[in-house]
Amino acid sequence: MTTFDDLVAPLPAGATVPSEQPASDALLAAVDSVADGIADLSLADGGRDTTLPGGFVELVDLPNPASDDELHQTLRTAGLPASLARRSTIERLLAESAQANQDGQHHAGAAQAEQVLADPFITPGQEARARQLLSGHRLRLGEFEASVRHGLLALEYLTASGDLLGQSMVHCTLALAFHETALEEPALGHVLGALEAARLCGSHTAEFWALSRSSMVHQALGDADRSIELGRQALALADTLGDSQAEFAARNNLGDSYLEIARARRARGEDAQVALTDGIAIIRAAVARAVEQGHAFDETIARTNLVGFLMERGEYAEARRQAGRSKTIAVTNGYRNLAVNNDSQLAEVAQAEGRVDLACAMMDAQLADPSVAEDAALNVKLHRSLYEMHRGAGRFEQALHHHERLHVLILGLTRQTAGLQSRMLINSLEIEQARHEAQRSQLEAEMQRIRAEELDQQAHTDPLTRLPNRRALDRQLPEMMRLAGERAEPLCAVMVDMDHFKRVNDDHGHAAGDRVLTTMAEILGESTRDSDLAVRVGGEEFLLVLGDTTLDQAAQICERLLGEVRNHPWGAVTEGLRCTASVGVALLKQGESVSRWLGRADAALYEAKAAGRNRVELAAART
């Protein structure tokens, strides 16, 4: 079953992928210089000293991991086969991929998961875990199409195996991947699936993440009230879990929802003060939690969201200070993308304060950064701001340049987004189609199996009475004899024949005769146990094989049977009809053949017929 150590926890609201390359000393020095010029980086807010990043371990201090060859040699020395040794390596890679998620090392974690998928010794369960991890890693790396593909494939196995916890967490990952590409309807389907699976498996942690993602999707769908309601449910649940990451994410995500609501209300000309007041209190609590936990990545995210609130409230000096603080932490810890986002915020602060030339210079510097060129959304934001500022300052040539670039970028981004959405939906449909094809193949195989069973049943069943026929007798009787011999249990054969059955057909018609036979089959079925066998051997003759039954017991059973035949209301079959039967019984002797045994029972039956019918004769009585 899935454990949370194997899972990629959903991103907190506002998070982007941290760079996995440490910042250079020159870059740190440049950042500190810029930060000193635009921000007051006092520690009055309880922040940590930027010269003490904390929690770092030098790689030279760590032991070198064993190579795969060394690990295999160790396992072979222990007497384990190569396949088992390889699967141990797979488990190690899966554990390392899960740890890479915890450490934010998503490139490395994705590579480890891909290595597992390429291994020929992988089991279906290991493949599902690898795809589950890979879906989360690709999500964090912004590769949403790949995230969806691997997530859906993992979900197939998790659903088939009944792993509800794994289903819930993969649904959360898929919901976020679809949300990030503005495909909110598929995202909503996955958050509902995540919530249902979480509640079915009883995991409050999984339920928290499902509620959190549901809040996010409802916000994107324009249902602000439902978004806040779900966010508050997630927060209340998080505070009962004792999970520091959940406690932070609940506050950060709910705060982000309030910020989006405030911006939407302000854009419509409505009062946003209540949303801003409630939201900023929650986001400050998120900052405090991150500082308390010493989690630099979370602190950077929360302070970035706090800047958004401060900008909306017009508290530009505080916004500048928080953005500068967030950037310093981001650069110190190598969170390149977060640092770029903070640069954009600092430029927005300068723009809001009316320092247009400074804001333009900062934004131009960002556009000159090669790493920013890959972020289409940020480029759109920067060119739009530069267009508005140059136009407002009367610099129309520059404004026109940025407007043209903005037009090209928006068109390209629209095409890119539409293409990505199409590919994601096509991938989803293809996987769904493949699943339906597999299900159809399974159903066809099951139908063929059922049909084969039906044909087999028909071949071994008398079509009139629905009792087993001679073929069934040939198949089942040897096994009954074998078991009786092994268990030293008595086995009796009872030959039953309807008396004067020809008269029934002659006097009342063959249809009435058929009804007599079916009625007799019903009486025999009611008179036998599951361990017995009742067979129509031909015409009006039947055979009962009574398991674990002595000759005396068989005689008593047959007397009751004949009484039921005599007393049956045959007039209901056809008026004036009365029926009786004769019976011959033989106890199986040790080493006796089937033909000899049944022949003795048949001889006893004819003796009963000769003695006047409607009676029981025992073959042993003549021995």
Problem set entry | Verdict with supporting geometry, C579 and V516, side-chain contact (heavy atoms from CB on, under 4.5 Å) | CA-CA 8 Å; C579 293; V516 167; 4.0 Å; yes

For this session: Evaluate salt bridge (Lys or Arg N to Asp or Glu O under 4.0 Å) for R600 paired with E592, printing each intermediate quantity in order.
Result: CA-CA 11 Å; R600 290 194 298 113; E592 189 173 22; 2.6 Å; yes

Exercise. Taking C-beta and beyond as the side chain, do L577 and T574 meet within less than 4.5 Å on heavy atoms?
Worked result: yes

Exercise. Any donor and acceptor pair, going by atom type alone, linking the side chain of Q553 with main-chain N or O of T550 inside 3.5 Å?
Worked result: yes

Exercise. Looking only at heavy atoms, which two atoms of L237 and L211 are closest? And how far apart?
Worked result: CD2-CD1, 4.2 Å

For this session: Please assess D499 against S582 for the test side-chain hydrogen bond (donor to acceptor under 3.5 Å, both in side chains), listing each intermediate value before the final yes or no.
Result: CA-CA 7 Å; D499 293 331; S582 299; 2.7 Å; yes

Problem set entry | Side-chain ion pair, E91 and R129, N-O less than 4.0 Å | yes

Exercise. Can you name the one residue among D532, L533, T528 that meets side chain to side chain contact (heavy atoms under 4.5 Å, CB included) with V545?
Worked result: L533

For this session: State whether R138 and E114 are salt-bridged, where the test is any N-O pair (Lys NZ or Arg NE/NH1/NH2 against Asp/Glu carboxylate O) under 4.0 Å.
Result: yes

Exercise. How about L491 and W597: do any of their side-chain heavy atoms sit closer than 4.5 Å?
Worked result: yes

Problem set entry | Close side-chain approach of I450 to E446, heavy-atom, < 4.5 Å | yes

Exercise. Taking the side chain as C-beta and beyond, is there a heavy-atom pair between T123 and E127 under 4.5 Å?
Worked result: no

For this session: Please tell me if the side chains of L188 and H218 come closer than 4.5 Å, counting only heavy atoms from C-beta onward.
Result: yes

For this session: List the steps, then state whether salt bridge (Lys or Arg N to Asp or Glu O under 4.0 Å) holds for E564 with R560.
Result: CA-CA 6 Å; E564 291 178 12; R560 288 197 298 271; 6.0 Å; no

For this session: Give a yes-or-no answer on whether the side chains of S97 and R92 include a donor-acceptor pair shorter than 3.5 Å.
Result: no

For this session: Would you mind reporting whether V565 and H568 have side-chain heavy atoms less than 4.5 Å apart?
Result: no

For this session: Describe, in one word, how the ring planes of H190 and H171 are oriented to each other, choosing from parallel (under 30°), tilted (30 to 60°) and perpendicular (over 60°).
Result: tilted

Problem set entry | Donor-acceptor side-chain pairing of S147 and S135 below 3.5 angstrom | yes

Problem set entry | Non-hydrogen side-chain atoms of Y606 and D497 separated by less than 4.5 Å | no

Problem set entry | Electrostatic pair E541-R536, nearest N-O below 4.0 angstrom | no

Problem set entry | Note, V170 side chain near L158 side chain (heavy atom, < 4.5 Å) | yes

Exercise. Would you call R449 and E453 a salt bridge, taking side-chain N to carboxylate O under 4.0 Å as the test?
Worked result: yes

Exercise. So does R578 have more than 12 non-hydrogen atoms from other groups sitting under 6.0 Å from CZ?
Worked result: no

Exercise. Salt bridge check: are D506 and K502 linked by an N-O gap of less than 4.0 Å?
Worked result: yes

Exercise. Above 12 or not: heavy atoms from other molecules or residues under 6.0 Å from CD of E196?
Worked result: no

Problem set entry | Neighbour count >12 (heavy atoms, 6.0 Å) for atom CZ, R596 | no

For this session: Please indicate whether E185 has more than 12 foreign heavy atoms, meaning atoms of other residues, nucleotides or ligands, lying under 6.0 Å from its CD.
Result: no

Problem set entry | From CA spacing to verdict: side-chain contact (heavy atoms from CB on, under 4.5 Å), L551, V585 | CA-CA 8 Å; L551 197 61; V585 185; 3.7 Å; yes

For this session: Flag yes if more than 12 heavy atoms outside Q458 fall under 6.0 Å of its CD atom; otherwise flag no.
Result: yes

Exercise. Do you know which of T173, L183, T181, L174 makes side chain to side chain contact (heavy atoms under 4.5 Å, CB included) with V148?
Worked result: L174

